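Data block below; observations after.
Keep in mind that this is a model prediction, so the values were computed, not measured.
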Amino acid sequence: MAMKDKQSVPFPANAVLRKRWIHPEYPELRELPWLEDKHGWNRCSPVLLKQSRSRWTIRIGESGQAIVVKRYLVDRPVRGWISSIWPSKARLELNISQRIFRFGLPTPQPLACFELWEGWRLAASYLVTRYLENSQNLAEWLTDVPTRLLDDSVLFAVGDVIGRLHAHRIAHEDCSAYNLLVRLDASTPEDRIVLIDLDGCRRCYMIGVERRTLNLHQLAKSLVRQGLEVTPDRWQVLAMGYLQTIKAGQRREAQIALDTVEEWLNTAYHQHL
């Protein structure tokens, strides 16, 4: 679907688009039509994937060669000036995406990062990643699949990817079903669940009980909100996936976090809906 003019990139007359980083194997990204002006987006026939007040995510390109562009709009001048000494949101997400990708965790490959500057003020920043074919948002997938037909391997893979994230001392500030993709053509169980929207990820000195509990609680709450009946048996499947990559010295903390969330599921989760 074509994007409305108000959702186009705000290219002021004196704006300069800076190519902060482009993957060396994809030099063609320097010549994308959408870099020309604000009307370049509609010439690419973008498909809107997600939208909020200050950001949107679109897909550009044909099947097999499509990319995802995520824009962060800087809607306050003060924040734009702060970005002259502090990395933009797209640059921060690029850094954590590259780290997670190097660790071998399933996440779309980062391809480029651009920033739109108006003098000394940052107006917007953009992160470009590879589009994953045959994938679906986990939250949407759960609404399409009847609970009784839910494959336990999906819950195991969800626990596994969060456990691997924590094993590398990375926490997600918004660990929910909306920030996970289900790959319908995954070749291995480990690649079936994919991490997306990594702007909420932070590298930590350590992942203690509190951070583990917070992420697992966010995840359980989002699964319940999608209509999934998280029974003790299903939570144990997710817990097994979570624990399989946790080091021996951290398993006690991980088990405490899992038990805390399971207690919440069994007693009071309906009060938080």
Can you name the closest pair of heavy atoms from [X] and [Y] and give their distance?
X: P24; Y: P27; value: O-CD, 3.6 Å
X: A167; Y: T245; value: CB-O, 3.8 Å
X: S97; Y: E93; value: OG-O, 2.6 Å
X: A254; Y: L243; value: CB-CD2, 3.7 Å
X: P232; Y: N266; value: CG-OD1, 3.9 Å
X: L138; Y: A177; value: CB-O, 3.4 Å

Under a single-linkage definition using a 4.5 Å side-chain heavy-atom cutoff for Ile, Leu, Val, Met, Phe, Trp and Tyr, are [X] and [Y] assigned to the same hydrophobic cluster?
X: I58; Y: L94; value: no
X: V224; Y: L214; value: no
X: L195; Y: V158; value: yes
X: V230; Y: W141; value: yes
X: I246; Y: I256; value: no

Any donor-acceptor N/O pair, [X] side chain to [Y] backbone, under 3.5 Å:
X: R169; Y: C204; answer: yes
X: N215; Y: H172; answer: yes
X: R203; Y: I96; answer: no
X: R192; Y: S153; answer: no

Atom [atom1] in [X], atom [atom2] in [Y]: separation rounded to 0.5 Å?
X: E115; Y: Y126; atom1: CD; atom2: OH; answer: 10.5 Å
X: N137; Y: I196; atom1: CG; atom2: CD1; answer: 5.5 Å
X: L180; Y: S135; atom1: CG; atom2: OG; answer: 12.0 Å
X: R211; Y: R202; atom1: CZ; atom2: CZ; answer: 10.0 Å
X: L216; Y: W235; atom1: CG; atom2: CH2; answer: 5.0 Å
X: L258; Y: L238; atom1: CG; atom2: CG; answer: 7.5 Å

In terms of side-chain heavy atoms, does [X] have a donor or acceptor partner in [Y] at a distance below 3.5 Å?
X: S125; Y: R71; value: no
X: Q218; Y: D174; value: no
X: Q226; Y: Y178; value: yes
X: Q236; Y: E262; value: yes

Looking at side-chain heavy atoms only, is the closest gap between [X] and [Y] below 4.5 Å?
X: I207; Y: L165; value: no
X: Q255; Y: D259; value: yes
X: I67; Y: Y131; value: no
X: L219; Y: S176; value: no
X: D199; Y: R55; value: yes
X: V69; Y: L127; value: no
X: I170; Y: I100; value: yes
X: I162; Y: I193; value: no

Is atom CD of E210 surrounded by more than 12 heavy atoms (other residues, nucleotides or ligands) closer than 6.0 Å?
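At most 12 heavy atoms, drawn from other residues, nucleotides or ligands, come within 6.0 Å of this atom.
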Can you list everything that forms a ring pair (Phe, Tyr, Trp, His ring centres under 6.0 Å) with H23? Sequence neighbours excluded, please.
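H23 satisfies ring pair (Phe, Tyr, Trp, His ring centres under 6.0 Å) with W21, Y26 once adjacent residues are dropped.
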Test W264 against H217 for side chain to side chain contact (heavy atoms under 4.5 Å, CB included), laying out the working first.
CA-CA 8 Å; W264 173 80; H217 181 265; 3.4 Å; yes
Evaluate side chain to side chain contact (heavy atoms under 4.5 Å, CB included) for R183 paired with N134, printing each intermediate quantity in order.
CA-CA 6 Å; R183 296 204 68 175; N134 298 317; over 6 Å; no
Applying side chain to side chain contact (heavy atoms under 4.5 Å, CB included) to L111 and I22, what does each step give before you reach the verdict?
CA-CA 6 Å; L111 301 179; I22 297 178; over 6 Å; no
Partner of K70 under side-chain contact (heavy atoms from CB on, under 4.5 Å), chosen from V128, T57, L49:
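Answer after filtering V128, T57, L49: T57.
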Could you point out which residue of T107, D185, L184, V194 forms a side-chain contact (heavy atoms from CB on, under 4.5 Å) with L132?
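Filter result, single survivor: V194.
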side-chain hydrogen bond (donor to acceptor under 3.5 Å, both in side chains) involving Q98 - partner list, sequence neighbours excluded
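Result, side-chain hydrogen bond (donor to acceptor under 3.5 Å, both in side chains) vs Q98: none returned.
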